[in-house]
Amino acid sequence: GEPDGCYNLGVMYEKGLGCKQDFVKARVMYEKAAEKGNANALNNLGSIYYNGRGVAEDDKKAFAYYTQAADNGSLPALTNIASVLSRI
């Protein structure tokens, strides 16, 4: 349940590092980390919804996660917000 550990496990599942790639498990791990305010997990959740990895593409959810990530100090999330806005 430690946020950084959940985030790191999410990255491993998303990229298939040392395990089979699984976007659903990655999302679940990111959600656990995001519940505790992990900005990187929030940003990666945005990317999962923006790109439709294991979920339907959803620009509204992506924007919401990117905004939360930016509010928690993620600089990459600012660029990602612009990407969503350019696509809407």
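All heavy atoms count here, side chains included; hydrogens, waters and symmetry mates do not.
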In one Ile/Leu/Val/Met/Phe/Trp/Tyr side-chain cluster, 4.5 Å: [X], [Y]:
{"X": "Tyr65", "Y": "Phe63", "result": "no"}
{"X": "Tyr66", "Y": "Leu85", "result": "yes"}
{"X": "Ile81", "Y": "Tyr50", "result": "yes"}
{"X": "Met12", "Y": "Val28", "result": "yes"}
{"X": "Leu42", "Y": "Val55", "result": "yes"}

Using side-chain heavy atoms (C-beta onward) and a distance below 4.5 Å, is [X] in contact with [Y]?
{"X": "Gln68", "Y": "Asp71", "answer": "no"}
{"X": "Tyr49", "Y": "Lys60", "answer": "no"}
{"X": "Gln21", "Y": "Tyr13", "answer": "no"}

Which atom of [X] lies closest to which atom of [Y], heavy atoms considered:
{"X": "Asn38", "Y": "Pro3", "value": "ND2-O, 3.8 Å"}
{"X": "Ala69", "Y": "Ala39", "value": "CB-O, 3.5 Å"}
{"X": "Ala70", "Y": "Leu78", "value": "CB-CD2, 3.7 Å"}
{"X": "Ala26", "Y": "Gly10", "value": "CB-O, 3.4 Å"}

Rounded to the nearest 0.5 Å, how far does [atom2] of [Y] lie from [atom1] of [X]?
{"X": "Glu2", "Y": "Lys36", "atom1": "CD", "atom2": "NZ", "value": "8.5 Å"}
{"X": "Ser47", "Y": "Arg27", "atom1": "OG", "atom2": "CZ", "value": "14.5 Å"}
{"X": "Leu9", "Y": "Lys25", "atom1": "CG", "atom2": "NZ", "value": "9.5 Å"}
{"X": "Lys61", "Y": "Ile48", "atom1": "NZ", "atom2": "CD1", "value": "12.0 Å"}

> How about Asn40 and Tyr7: does a side-chain donor come under 3.5 Å of a side-chain acceptor?
Replying inline: no

